Amino acid sequence: MSFPSTIQAIAISKTGGPEVVEKREIPFPKVAPDHLVVKVQYLGINFIDTYYREGIYPASGFPFVIGKEASGVVVALPTDESVLNDPDYKKCGYKQGSRVALDYMGSHAEYVSAPWKTVYVIPESVSSLTAVSALVQGLTAISFMEEAYNVQKGDTILIHTVAGGLGLLMTQLAKSRGAIVIGTTSTPEKASLAKANGADHVILYKNEDTVARVLELTNGEGVHAIFDGVGKDTFESDLIMIKRKGTIVSVGNASGPVPPFPPIRLQKKNVKLLRPTMNNYTYTSTEILYYGNALFSLLADGTLKTRIFKEYPFTTEGVRQAQIDLTSGKTTGKLVVKVSD
């Protein structure tokens, strides 16, 4: 099929606050031989979008198309024969018209050209909206709770920002594995939501002493693992709340990156500290197939349920507001942008 010469995309021309985000016209993306071309229907908003916007993560150049999560329909397949004959490519079942979800930087646009290994075919049992609301956070939850720290029956774990999109999915997954979940959040309404998703104990960090409460709940021993998407503001407390031989998984930087510190501080309790990224767990085609199948199976059988906080328009103002809302600490669940039907 023929494609337009230009498309609309969400991009930045410099780093800064939400005001640098704009919807602008860009050339149709260059299509590499190993790429699929996807007509985008929905965008998923994530903290990583704001990290690139702020310059915490470096952009490859400007203008820079932000966003790494989208869903849509395949409109062109790879042309590279070695790809078309690859056994793992064949297992994915890509076809013209396949509904897919993408985990690819630069996907917040009307059309995306993406390597096939970053594109997941959505099964009939899962909607395109559910897929975009779950892809990045769902793959993160599953891979982190399997490889960063393998959550087991009987574990007690702490999830910071438990009522956010990732926190809710992590809570559901941990409970399905038989763990006891302690969460932190800011308001009684968010606490109720977290409990409705399976959290056993929720601490209102603005009103309660989080460290004292966690130690009380664990008889002074601390938790087996901490999944911390806050960063700078909670790291020192994490070192107190973690159990001997426990694992701290630094998931994100909502309050800013954790400052440098001497690793010898981990020696006191033989603590493991990781700062993983999901894409290093979904790196090979085998891993991508494994985690993609795991995610969609858990969505299909109801183990994981997504919550859409709000759907925003595909405009400069819409995406700016989505990023403002995401970083305000007032949202619960997933923020999405509708691009097309």
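As the structure is a prediction and not an experimental result, all values here were calculated from the model. Any value given below was found using the heavy atoms of this structure, including those in side chains, with hydrogens, waters and symmetry copies removed.
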Using the side chain to side chain donor-acceptor pair (under 3.5 Å) rule, take T156 and H224 through it: C-alpha gap first, then chi angles, then the decisive distance, then the call. CA-CA 6 Å; T156 300; H224 293 85; 4.6 Å; no
V181-M170 co-clustered via ILVMFWY side chain contacts under 4.5 Å: yes
Could you measure the distance from the CG atom of L239 to the CG atom of L273? Nearest 0.5 Å is fine. 8.0 Å
Taking the side chain as C-beta and beyond, is there a heavy-atom pair between P29 and V112 under 4.5 Å? no
Should I26 and I7 count as side-chain neighbours, where that means a heavy-atom distance under 4.5 Å? yes
With side chain to side chain donor-acceptor pair (under 3.5 Å) as the test, would you mind laying out the steps for T15 and R53 before giving the verdict? CA-CA 5 Å; T15 58; R53 188 200 76 215; over 6 Å; no
Is P78 close to Y89 at the side-chain level, that is, under 4.5 Å between some pair of heavy atoms? yes
Could you report the tightest heavy-atom contact between A32 and S113, atom names first, then the distance? N-OG, 4.0 Å
Among the clusters formed by ILVMFWY side chains lying less than 4.5 Å apart, do M278 and L274 turn up in the same one? yes
Closest non-hydrogen atoms of L43 and V132, given as atom of the first, atom of the second and distance, are C-CG2, 3.8 Å
Taking the side chain from S107 and the backbone from E69, do they hold a donor-acceptor pair closer than 3.5 Å? yes
When rounded to the nearest 0.5 Å, the distance separating OH of Y291 from OH of Y120 is 10.5 Å
Note, Q323 side chain near V21 side chain (heavy atom, < 4.5 Å): yes
Shortest non-hydrogen contact from M241 to L158? CE-CD2, 3.6 Å
Identify which one of K310, E189, R307 satisfies the side-chain hydrogen bond (donor to acceptor under 3.5 Å, both in side chains) criterion when paired with T332. R307
May I have the step-by-step check of side-chain contact (heavy atoms from CB on, under 4.5 Å) for E287 and T284, ending in yes or no? CA-CA 5 Å; E287 291 168 337; T284 68; 3.2 Å; yes
Closer than 4.0 angstrom, basic N to acidic O: yes or no for E216 and R213? yes
Atom pair OG1/NE2 of T118 and H35 - distance to nearest 0.5 Å: 7.5 Å
Indicate the atoms forming the closest heavy-atom contact of V65 with M105, along with that distance. O-SD, 4.3 Å
Before you tell me yes or no, could you show the steps for S133 and T306 under side chain to side chain donor-acceptor pair (under 3.5 Å), namely the whole-Å CA-CA distance, both residues' side-chain angles and the distance that decides it to 0.1 Å? CA-CA 7 Å; S133 70; T306 62; 3.1 Å; yes
Of V202, L193, L204, which meets side chain to side chain contact (heavy atoms under 4.5 Å, CB included) against P188? L204
Separation of F3 CZ from F28 CZ (nearest 0.5 Å): 4.5 Å
Are V37 and V74 connected, step by step, through hydrophobic side chains (Ile, Leu, Val, Met, Phe, Trp, Tyr) whose heavy atoms are closer than 4.5 Å? no
For the side chain of K175 and the backbone of A179, is there at least one donor-acceptor N/O pair under 3.5 Å apart? yes
To the nearest 0.5 Å, how far apart are CG in L217 and CD1 in I203? 6.0 Å
Return the CG to CG distance between N46 and D103, rounded to the nearest 0.5 Å. 9.0 Å
Side chains of R177 and N150: any donor to acceptor distance under 3.5 Å? yes
Taking the side chain as C-beta and beyond, is there a heavy-atom pair between K330 and T187 under 4.5 Å? no
Carboxylate-amine/guanidinium contact E110 K23, below 4.0 Å: no
Between V337 and I45, does a side-chain contact (heavy atoms from CB on, under 4.5 Å) hold up when you go through it step by step? CA-CA 8 Å; V337 172; I45 304 297; 3.9 Å; yes
Start with the C-alpha gap between F144 and F227, add the side-chain angles, then the distance that decides, and say whether ring-ring contact (aromatic ring centres under 6.0 Å, His included) holds. CA-CA 9 Å; F144 281 28; F227 294 88; 7.5 Å; no
Looking at every non-hydrogen atom in both residues, tell me the closest pair between F314 and K338 and how far apart they are. CB-O, 3.4 Å
Q321 side chain vs E317 backbone, donor-acceptor pair below 3.5 Å: no
Within-4.5 Å side-chain heavy-atom neighbours: I324 and L326: no
Audit row: K305, N197, side chain to side chain donor-acceptor pair (under 3.5 Å) steps and yes/no: CA-CA 9 Å; K305 300 179 179 68; N197 279 266; over 6 Å; no
Return yes if some donor-acceptor pair links the side-chain N/O of R24 with the main-chain N/O of A9 below 3.5 Å, else return no. no
Examine I288 and L299 and state if one hydrophobic cluster contains both, with Ile, Leu, Val, Met, Phe, Trp and Tyr joined whenever side-chain heavy atoms are less than 4.5 Å apart. yes
Are there more than 12 heavy atoms of other residues, nucleotides or ligands under 6.0 Å from atom CZ of F261? yes
Check whether more than 12 heavy atoms from other residues, nucleotides or ligands sit under 6.0 Å from atom CD of E19, and answer yes or no. yes
Exam field: side chain Y94 to backbone W116, donor-acceptor pair closer than 3.5 Å: yes
For the pair E236 and R265, find out whether any cationic side-chain nitrogen is under 4.0 Å from an anionic carboxylate oxygen. yes
Cluster overlap Y51 with I12, hydrophobic side-chain contacts below 4.5 Å: yes
Side chain to side chain contact (heavy atoms under 4.5 Å, CB included) with Y111: of V40, V38, V75, V31, only one passes, and it is V75
Where do C92 and L289 come nearest, in terms of heavy atoms and distance? SG-CD2, 3.6 Å
Are D200 and K195 within salt-bridge range, i.e. N to O under 4.0 Å? no
Walk me through it: do Y104 and V119 pass the test side-chain contact (heavy atoms from CB on, under 4.5 Å)? CA-CA 8 Å; Y104 183 63; V119 180; over 6 Å; no
Is the backbone of I242 close enough, under 3.5 Å, to the side chain of K269 for a donor and an acceptor to pair up by distance? yes
Side chains of V162 and T184: does their closest heavy-atom pair fall under 4.5 Å? no
Determine, step by step, whether Q172 and T303 satisfy the side-chain contact (heavy atoms from CB on, under 4.5 Å) criterion, reporting the C-alpha distance in whole Å, the side-chain angles of both residues, the deciding distance to 0.1 Å, and the verdict. CA-CA 7 Å; Q172 295 168 23; T303 300; 5.9 Å; no
Please answer whether the main-chain N or O of V211 pairs with a side-chain N or O of D209 as donor and acceptor at a distance below 3.5 Å. yes
Just by distance, do the side chain of T171 and the backbone of G167 share a donor-acceptor pair under 3.5 Å? yes
Can you name the one residue among F64, F62, F47 that meets ring pair (Phe, Tyr, Trp, His ring centres under 6.0 Å) with Y52? F64
I'd like to check V223 versus I157 (side-chain heavy atoms, cut-off strictly below 4.5 Å). Are they in contact? no
Under 3.5 Å: donor-acceptor pair, side chain of Q41, backbone of S340: no
Check whether S255 reaches the backbone of K232 with its side chain - one donor and one acceptor, N or O, closer than 3.5 Å. yes
